[in-house]
Structure formats: structure tokens, C-alpha cells
Amino acid sequence: MSDDRSTEQDYDFRALEAKWGGSWEEAKVFEPQPGDTRERRYVVDMFPYPSGDLHMGHAEAYAIGDVASRFWRFKGYNVLHPIGWDSFGLPAENAAIKNGTHPAEWTYKNIEVQAGSFKRYGLSLDWSRRLHTSDPEFYRWTQWLFLTFFKKGLAYRKDSPVNWCPKDQTVLANEQVVDGACERCGTLVTKKKLNQWYFKITEYADRLVDDMDQLEGHWPDRVLLMQKNWIGRSHGANVRFALEAAGDQPARDIEVFTTRPDTLFGATFMVVAVDSDLAEEIVAPGQRAEFEAYREKAKAATEIERQATDREKTGVLSGRTAVNPVTGEQIPVWISDYVLADYGTGAIMAVPAHDGRDLGFAKAMGLPVRSVVENGDPDPAESGEPSLSPGTAKNSGPLDGLAKEEAIAAAIRLVEERGTGEGTVNFRLRDWLLSRQRFWGTPIPIIHCESCGEVPVPEDQLPVRLPDDLKGEQLAPKGESPLAAAMEWRRVSCPSCGGEALRDSDTMDTFVDSSWYYLRYTSPGLEDAPFSRDAVDEWMPVGRYVGGVEHAILHLLYARFFTKVLYDLGLVGFTEPFSSLLNQGQVINQGKAMSKSLGNGVNLGEQLELFGVDAVRLTMLFASPPEDDVDWADVSPTASSKFLARAWRVARDAGQAGAAGDPADSKDTALRRVTHQTLAQANELLEQSKFNVVVAKLMELTNAARKSIDSGAGAGDPAVREAAMVLTQLLSMFAPYTAEDMHEMLGGEGFVANTRLPEPDPSLLVADTVTAVVQVQGKVRAKLEVSPDVSEAELEEMALSAPPIVRLLEGRSVAKVIVRAPKLVSIVPGK
RNA sequence: GCCCAAGUGGCGGAAUCGGUAGACGCGCCGCACUCAAAAUGCGGUAUCGAAAGGUGUGUGGGUUCGAGUCCCACCUUGGGCACCA
């Protein structure tokens, strides 16, 4: 039994961090070099927002990206792994208002703090490509891209009721409204009619769904599913119902969208959304007073109330009658708030027998219910439950007897022949509202001219810079952008007619910035374009994109949309930006998200002080698979520290023993096997991002090497040296400081980060004996040590003659023997 | 309400294809070193049983020589969507 603490020199993470800190950046270890022709790989971590210093969540996310990046470097790829900051956004503005300063002050101060922490954290980043979205050199190109979209007709302005956050005093995208409240501050969102800028993302809805095929298996299934549901593509038909003339109101059509045209014969009334223009247009004079009262009531209901799906249905008669185009029946047209104005056409045909909501309304208003699907369900008119099971059409004239899918097709043909409708596709997705009435964002580069309308700022006048003399209170929200009041900044001459004109005073949603930042990394400092086509095509798509699931829809959908538009414009040669996505879990504490109010926050800086960078990184990665949450209360950075010290001592001892010679000559083939198997397994596990298992394998390798040093071949054996070197390389992905020191102690040249992983020796991957299991009736009854290339016949023979088996089978016949050489024999005894 | 994912020791978690369940670590127990402790090292640790042996991957069923893994139903937890016609 030996004690490996015998030398006075011992593991000291503080000394290591001091010794190796900054050396990688100085030596440009992680900067791709021009002219490097090796295959490229691109690793991007979702860039941080500069609020305060890095926290535990960052520590996990960036550790994950770092292992991926270092692994590819070890495999010999030319790897790009950049960093930047998502540095526009509200918190900077709120801080500026509070402190009477400009948002840039707070922003860039925080960025410097975070950059320092990133460097300390030992990440393999290329610092030369660093970007900040709030830099004019960056947002100049955000503006250029906006104008490019604008010229293509993909950016437009319209008046519409928008989500408005009364606290933040800004509009919100649909995606930023959660349960009727502002995603950021939790205030209940109200509707406000405003003139706003939109990106026409709906034009790409089909491709955003279809191109997910490319991502299947490379993105988490749930993210793809969430996007699919969010886009909400549904196939169906638009059907026009003739609205009869009444008084001096002329006849016209009401168009509805339905996914169930097969139930058209069961449409016994229609419903128009109360807040739609259509309701306003068609309501009969006699019903107007009642309608307006109802509309006021509906408006007063909060979004939460309106969305409660189980509340009693309400509505008023429009006083008008429509004609069911297939039955010729006259049916009443109702107005209700259960129909959405901004989905489909804002009006529906109601088939109460086969739709729960329509049935609820029919029951409330005493309207007829007619079943048109034969499916064995009880009659909804009596049961009060909608009949939803698939079946065959009935009471439906020409459709009778057809199964659901055929009936749908036949119904579409029917309305198409009669010119009263057609098959169509509808989406839940709405256009992306991108303008914000706030200061700290990319100014929208449009000039409004009385005579010329919306005029793009000429390219040579970009960027439209934010004024830097607005401070503190001047930035306070007033319901319109703080820029609106900066008349000196706004007043310009029209680029088209030279007359007096005003700049657009809104800024862009920061998701516009993050929709293309990963492209800019490929072309740092480029002055005449946002990125070079050659550079993006060389690096893109991103081979490993790491970030939280909270961006499953928003950011990732927008970035995919941008990429498709840029592809159509010929600016990039690919249609999907991120070919592989990894969602890391959260770092929590005691089963709950860390928060000030719970008082369970863990401070990253403190953890780094206590245990060191390497131990914290290792703890994060060993705790669980990267996509699972890490509960800091369940893990032990102390244990990581101990392991690192053990590993470090292995390298120290091997280094001090000064081993020389070919590992192939070592007698310690057991250790060599472990080394090469670890190498092979680590390769496979890293490919699958199973970092926690890789760490377990490294612990086993460390233990095996320790054993050889203490009670085997000894520290001077070349097999020990080999083990120590492989350990050092693999460990460097997780614990870069410790590993650089181990590399040096082992007499390695330069940085371990610059080495390549050796190929495992295939002859060492097969053991000289394997344990074969003998099962009787599925239970393990004997184990045999056999050669890995034992024949099936031999193995069967050995199994049947093994004493425990012979004993068990005494007096019984053998019905069947299944042999899977060399691992298993399964015996089925007869009666 | 609809859709999805996951349930494995005291804990975090392992387990290519259906083939020895519980790797690795934490915690705990014991031992060595020490005056003692810390640190370090070594050993043990699913469960019932003295042992032989039995039982065990949320529950109940099924397929199979063999199921943590596949199928069906259910329970629980987490997530997404939520009057989207």
C-alpha cells in the first residue's frame, strides 16, 4: 500500500489557473488560421445577454459547448468557436433610466465583466471574432438586412390591434405573450391598435414546417414538435356561404375556414368573431344596439377570462341569414367571442354535432344539432357530448357512406365544382411584429416622407446611429419610442425628393439581431457586407448549437426564417442555420430554480473561488446528461476536486519517473487495454454528447493507472505513461487548466489543446477472455470464462456440461438451446 | 381539455441490437496512516434471508428462450399548446 502524496509538490488549482490563464489566447490556440484546408466545424453557444456577471446556468451551457468544440479540435477539424453579446434590450434601458445614464454605459461595463469571467472559465473561444449587436458596425448590417427584406416586400407596416405591455410600454410579439401576460414582467397584456412593422414570416410557414425533415434526429424532438405546433399548419377548405340581402344591406358571401368540410351538411348556423370587421359590416340595424353592448362587454373581459375554455358560451344574433351551400338551408348567423378574429377568416360554420365548442354554443342558444357522421357515438343532440370519433358520412347527400378522409376530399370537390369554395391550408403562425417603442435597439432605417411615403435610408448612409445624448429620464417609456421626441435626430431631408421628412422612431425587436449574428462571426470586420458568401458557406451551417429550450420557438424559428430568406436572396447557400441543436438543462438548487426570493441562489464566482474552474466545469458535466437539469444540492464539487487531484498525481508520478520506451513492450497489457478502450469509448460517447459517462470512464482510467503505479508495473512503465497521456488529453476537454499542467509534467510540447487524439489500437480493444452467461429459462445459472472467438458449438457444449447446469437439468430434457457466442447461452428445458 | 417526454438503490445517474440491471460518483459503514483530526489510500454498500436461495427498473397485463429496453392499459411527475374551427 503506498501513499502517493509522498512528494512535497501537490495539486493546487489556484497556481494552475494563474500559470495557464491567458496563455491560450496569447498563443492564438483557438483562432482558425487562414489557409487551413482541413474540414471545418462550427460550434456556437447562444450568445449571452449582458445582465450582470455570468451565473451557474452560463457555466453549464458554455462548458457543454466547450467540450464539443475541443473534441472536434482533437479529431483534427478546423474548429470555429466564437463569442459575442446580445447587447441591445430593455434591462440596459431601465438601468439607464434609473441611473440617469446612457444604456451603453451599463451594457459595455457588464460585457467587460462577463468577458473576464469567460476567459477565466477556460473556454476554447476565438476572441478575435467577438461581436456586440449594439455596436454600430454590427447594427449597420442589421439595418441593411431589414432594408433588403423591405425591398423584397418581406417587411411591411400595418395598423392592427397588437399586444401591448402597459408596464414596459411597448408592443410584444405573439411569442412574447405567455398566459395573457408579458413574458418579461408578468403584467397583463392589453390590445392596442397601432401602426407597426412586421416581417412576413407567414410566407415561409410551409417551408419552416417542411424543412424540419432536415433537422429530424439532430434537433431534440420536442423542439421540432413545439415549432410544428406553433406554426400550426392545418389542411381544410375555405367555403363561402351566401349571406342574404336584408333591408338595404346587400347580399354578400361569408367565407369560413374548416378542417372538416366533410361535416358541411351538419352546419346548422354560423358564427362571426365579435371583434372582427366582418361583424361590424354585416350586423342588421335592428341588432346593432345589442351587438355593440355585447362587443363592449367582450372588450372589457381580460385576455385570461376570454381564454378560459370552459366558460359558458355567449353571443348575439346578427339578424342575418346565410345559406348552407350544400343543403340550401337557411341558417342564422350569430356573433360571439368564442370565434377568433385573426385566425382563418374570422368566421366559422358551426357543426354542433361534431365540435365541442359549437355544441356548447348550440346548447346555450337552443340551436339545432344534426349528426352527419356514423361512428357509433351516441347522438349529440341527446347526449350533450360532441361526437368526435371518425366514421362514415351520413345525412350528407353525395358524401353518404364515405370514410372521413374520402368524405373530406369529396366535399372539397363538391364545393369547388359549385364554385363556392376550395381546398386550402391555414396556419396558426402570424407575421412577426418587429417594431418596439423603445430606445436601446437597432433603429428602423426608414424615413417617412409626406409625398414619397416610406423611403429606405440609402445604403451609404448606414448605419442610422442611435443618438448618444439621450440619458436617464429622457428614455422613460411614454407610449411611444423615446426617439420620437428626439426631433433633432428625426428631422431629415427625404432621400427621394429632398423634402422635409422624419425618421422612423421605432427600434427593432432584439430577436432580429440574434437571427443573424452567427453569420457575422464568419466574417469579422467585413466592411462592405454583413458577411461574405464564401465565408458563410465554408463554416455554416452551425454543426453544434448549444442553448436553452426557452428559445425553442422564438429565436430558433426566427433564425430559420432569416436563413431561408437569405437563401432566396442568394446571400447564403444553405436553408437551415443549425444542423444540430443541443438544449442544456438548468442548474437548479434543492429542486427549485435559483431565485432571490427563495434565497437558494448559488454564486458562480464563489464556487470558482472555492473549488476552481476545472472542478466546477467537471461537476457540471459529470452530474447528469447535458440536457438534464443539474441540482447543485445533489452534486459535489469537492469530489470533482479530489478526482482532478488524483488524475494530476498520476501525471506527476509518471512524469517524475521519466518513463521511456514503447508502450507495446510493456507487460502491463491490462492497463493498456483500459487506456485504449477508454479512448474508443470516449470517442463514441463524445460523439453522442454523453459527457457524464465520459467522465466516469476517465475516473476508471485514473483508477487503473493509479493501481499500476502503486501495485503493478510502477510509475516508470511506458504503459503508465501512455495511460497518463491519454488521460491528460481527454481530461483537457473538461478541465483545461489541470490538463495543461499534466501535459507539461509529462514532458509534452506546447499545449495539450493543440494535440490530436491517437487512434485506439484495435488489438487492445478485444479482451483475451470474456464472461459467457448461461441462462436456464431466462435466469443466469452459470458463468464461463471463454475465448472471445469461441465457436457456437464449443460454447453450447461447455454450457451444457457446466456443473450447475448439469445439476439443474437433471431429469429434464433440453427443448432448445440458443447460443449467442461468445456472450450467452440460453437453455430452454423440456417438460 | 389536447399533444409530448420521463419514471432504475438513500441520492446524481450507467446499461449499442431485446442478452450478467445498478458502471462511475455522492452519501454511509469498516480498515490503514495519525497522539488525534483533516487529507489520502484500501475494502464494503439494491433488497429479503443466518445461509441456500428468492425478489427487484412506477402499476397491471402481453410478446419472447430471454424485457429497464418492444406492445396495450393505467398511475405519477415534468414540459408545450390552450375556444386555432
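None of these values were measured; they are calculated from a predicted model.
Straight-line distance from the CD1 atom of A:I254 to the P atom of B:A85: 20 Å, rounded to whole Å. Across the protein-nucleic acid pair, A:E687 atom CD and B:U16 atom C1' stand 14 Å apart, rounded to whole Å. Between A:L554 atom CG and B:G80 atom P there is a gap of 12 Å when expressed in whole angstrom units. When the P atom of B:G12 is taken as reference, atom CH2 of A:W632 falls 16 Å away, rounded to whole Å. Atoms CZ (A:R222) and C1' (B:C3) sit 14 Å apart, rounded to a whole Å. In this structure, A:F691 places its CZ atom 13 Å from P of B:A14, rounding to the nearest Å. Between the CG atom of A:D221 and the P atom of B:C4 there is a distance of 12 Å, rounded to whole Å. The separation between A:M620 atom CE and B:G13 atom P is 14 Å, rounded to whole Å.
Under 4.0 Å is where a charged nitrogen must lie from a carboxylate oxygen, and between A:R14 and A:D12 no such pair does. Ion pairing between a basic and an acidic side chain is recognised when a charged N comes within 4.0 Å of a carboxylate O; A:R233 and A:D206 show such pairing. A salt bridge is absent between A:D653 and A:R649: the closest approach of a Lys/Arg side-chain nitrogen to an acidic carboxylate oxygen does not fall below 4.0 angstrom. A:K697 and A:E684 are not joined by a salt bridge, as no carboxylate oxygen comes within less than 4.0 angstrom of a charged side-chain nitrogen. A salt bridge between A:D342 and A:R430 is present, with a side-chain N of the basic residue lying under 4.0 Å from a carboxylate O of the acidic one.
Look at B:G27: its Watson-Crick or wobble partner, with both distances under 3.5 angstrom, is B:U45. Here B:C35 sits opposite no nucleotide as a Watson-Crick or G-U wobble pair (both hydrogen-bonding atom distances under 3.5 Å). Across every strand in view, B:C65 sits in a pair with B:G19 that passes the Watson-Crick or G-U test at under 3.5 angstrom. Summarising the base pairing, B:A6 is matched to B:U76 through a Watson-Crick or G-U wobble pair whose two defining distances lie under 3.5 Å.
The side-chain tip of A:K313 points at the ring of A:Y338 from less than 6.0 angstrom away and within 45° of straight on.
When heavy atoms are screened at a 4.0 angstrom cut-off, A:S234 is found touching the sugar-phosphate backbone but no base atom. Using a 4.0 Å heavy-atom criterion, one finds that A:D631 contacts no nucleic acid atom at all. Looking at heavy-atom distances under 4.0 Å, A:L225 makes contact with sugar-phosphate atoms alone, never a base.
Taking the C1' atoms as reference points, B:C2 lies 30 Å from B:U8, given to the whole Å. Annotation: B:G7 and B:U57 have their C1' atoms spaced 9 Å apart (nearest Å). For the C1' atoms, the distance linking B:G12 with B:A6 amounts to 16 Å, nearest Å.
The backbone N or O of A:S387 lies less than 3.5 Å from a partner atom in the side chain of A:H354, making a donor-acceptor pair. With A:S641 contributing its side chain and A:A615 its backbone, the two residues share no donor-acceptor pair below 3.5 Å.
Checking A:V825 against A:N229, the closest nucleotide of RNA chain B that is more toward the 5' end is the one next to A:N229.
Here B:C17 is in the syn range [glycosidic angle within 90° of 0]. B:G18 adopts an anti glycosidic conformation, its chi angle falling more than 90° from 0.
Considering only side-chain N and O atoms, A:R646 lies under 4.0 angstrom from the phosphate OP1 or OP2 of B:G41. Look at A:N692 and you won't find any side-chain N or O under 4.0 angstrom from OP1 or OP2 of B:A23. Between A:K642 and B:U40, a side-chain N or O to OP1/OP2 separation shorter than 4.0 Å is present.
Side-chain atoms of A:K697 and base atoms of B:C24 include no donor and acceptor less than 3.5 Å apart.
In the set B:C81, B:A21, B:A85, B:A85 carries the atom at the smallest distance from any side-chain atom of A:T258.
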**Contact state string [nucleotides 51-70 of chain B, B base, S sugar-phosphate only, - no protein heavy atom under 4.0 Å]** = ---SS---------BS----
**Item:** Stepwise ring pair (Phe, Tyr, Trp, His ring centres under 6.0 Å) check, A:F269 with A:F361
**Value:** CA-CA 10 Å; A:F269 57 98; A:F361 193 79; 5.7 Å; yes
